[in-house]
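Report on the following structure.
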Amino acid sequence: MQQSNLRIARIAAHINPPNLQLVEEDLGLERVNCRAKGASSGFKVAILGAAGGIGQPLAMLMKMNPLVSLLHLYDVVNAPGVTADISHMDTSAVVRGFLGQQQLEDALIGMDLVIIPAGVPRKPGMTRDDLFNINAGIVKTLCEAIAKCCPKAIVNIISNPVNSTVPIAAEVFKKAGVFDPKRVLGVTMLDVVRANTFVAEIMGLDPREVDVPVVGGHAGVTILPLLSQVKPSCSFTQKEIDYLTDRIQNGGTEVVEAKAGAGSATLSMAYAAVKFADACLRALRGDAAVVHCAYVASEVTELPFFASKVRLGRNGVEEIYPLGPLNEYERAGLEKAKKELAGSIQKGVSFVKK
């Protein structure tokens, strides 16, 4: 009986943080540290907002990643249920759940990578800026805890509006004296994923073999696909350029409208977020030539934040690449993007400084 109780307690440790040491008096069980024998020597990853529309598929896909040894799932609601569900997957990562503000710090201690999809999603008719007042406060609170508990972690920010939430994170870390511009990255990978897909459709290519640089930001006209730099090299008519640029910039709206009030781009966003998180983990491992687009503190333009191709390494962003040659259409788009982006950045900075 004692052995049976001990096994049950170990299983229960998946669901609750190990340091809570909760005692289930009715059963005479004490929760203990879970020790999955298959646990790999990999990285410790926390997902903040793990029970949401993006968070759940993101958590599932990260559980499948062999580079993850410990996966912490935090949310203000439903975290135990998502944790229980995902912990049954027969992959090596150990999963632990954390529920509510009082367990936030426990979720973050010792993490190598923190992914933040927390916040409310877009609904039909909403712009990303409509989300600002709610999501800005959420990101600020989460980043204050990161600054305290794992200031050296790589932070991937998904919460919209990314153009403003990344500056918010930076200001919070500056206030705490722990800001490292190499370690704070806005995830714009979905724009690249969409661009690769849409270009592949038009050109009759395999999207896995297409690489479209997407620079600027992560909302509307700030999303600037550099179609002149597509690999493999492609030639587009002006009509195709207009169509592709518009569809890439408004891909999120396309999904919001298609779901008709039932959500936003959650599944493709989770896929893109995991693709980017995996790149960060491979870079942390020491892999060479890990290059992707991300929205980071940058000197590529006169703006303090900008999305462009970056090389990732053990310390986060190791190198930020210049934009390269732009055609006239792209130069005009860049000016529009910068004008819009400047206001979004200032909005985020002002939110923390007010």
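Hydrogens, waters and symmetry mates are skipped; everything else that's a heavy atom, side chains included, is used. Please read all numbers here as calculations on a predicted model, not as lab measurements.
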Just by distance, do the side chain of Arg331 and the backbone of Leu326 share a donor-acceptor pair under 3.5 Å? yes

Side-chain heavy atoms of Glu302 within contact of Lys338, under 4.5 Å: yes

With a 4.5 Å heavy-atom cut-off, do Val199 and Leu227 have their side chains touching? yes

Who passes side chain to side chain contact (heavy atoms under 4.5 Å, CB included) against Glu257, sequence neighbours left out? Thr253

Would you say Ser159's side chain and Ile116's backbone share a donor-acceptor pair under 3.5 angstrom? yes

Pro117 and Gly49 have their tightest heavy-atom pair at CG-O, 3.8 Å

Apply ring-ring contact (aromatic ring centres under 6.0 Å, His included) to Phe179 and list each qualifying residue two or more places apart in sequence or on a separate chain. none

Looking at Asp180 and Lys182, does any basic side-chain N land under 4.0 Å from a carboxylate oxygen? no

Between Arg311 and Val290, is any pair of side-chain heavy atoms under 4.5 Å apart? no

Is a side-chain donor or acceptor of Asp112 paired with a backbone partner of Lys44 at a separation under 3.5 angstrom? yes

Do Leu244 and Phe236 touch side chain to side chain, with heavy atoms closer than 4.5 Å? yes

Under the salt bridge (charged side-chain N to carboxylate O under 4.0 Å, His left out) criterion, do Arg208 and Asp206 qualify, and how do the steps go? CA-CA 5 Å; Arg208 293 170 298 180; Asp206 183 337; 2.8 Å; yes

What I want to find out is whether Lys63 reaches Asp85 closely enough, with some N-O distance under 4.0 Å, to be called a salt bridge. no

Between Phe198 and Tyr243 (judged by ring centroids, cut-off 6.0 Å), do the two rings come close enough to count as a pair? no

Go through Ser164 and Lys347 one step at a time and tell me if the side-chain hydrogen bond (donor to acceptor under 3.5 Å, both in side chains) criterion holds. CA-CA 6 Å; Ser164 299; Lys347 192 171 184 178; over 6 Å; no

So do the side chains of Leu226 and Val215 get within less than 4.5 Å of each other, counting heavy atoms only? yes

Name the orientation class of the two ring planes belonging to Phe132 and Phe351 (parallel below 30°, tilted from 30 to 60°, perpendicular beyond 60°). perpendicular

One thing to verify: whether Lys140 and Glu171 come together as a salt bridge, which I'm taking to mean a side-chain N less than 4.0 angstrom from a carboxylate O. no

Would you say Ser308 and Ile320 make side-chain contact, with heavy atoms under 4.5 Å? yes

Ring geometry between Phe276 and His292 (parallel below 30°, tilted from 30 to 60°, perpendicular above 60°): perpendicular

Within-4.5 Å side-chain heavy-atom neighbours: Tyr74 and Leu142: yes

Glu209: salt bridge (charged side-chain N to carboxylate O under 4.0 Å, His left out) partners, not counting sequence neighbours: none

Distance only, no hydrogens: is a donor on one side chain within 3.5 Å (strictly under) of an acceptor on the other, for Thr165 and Asn135? no

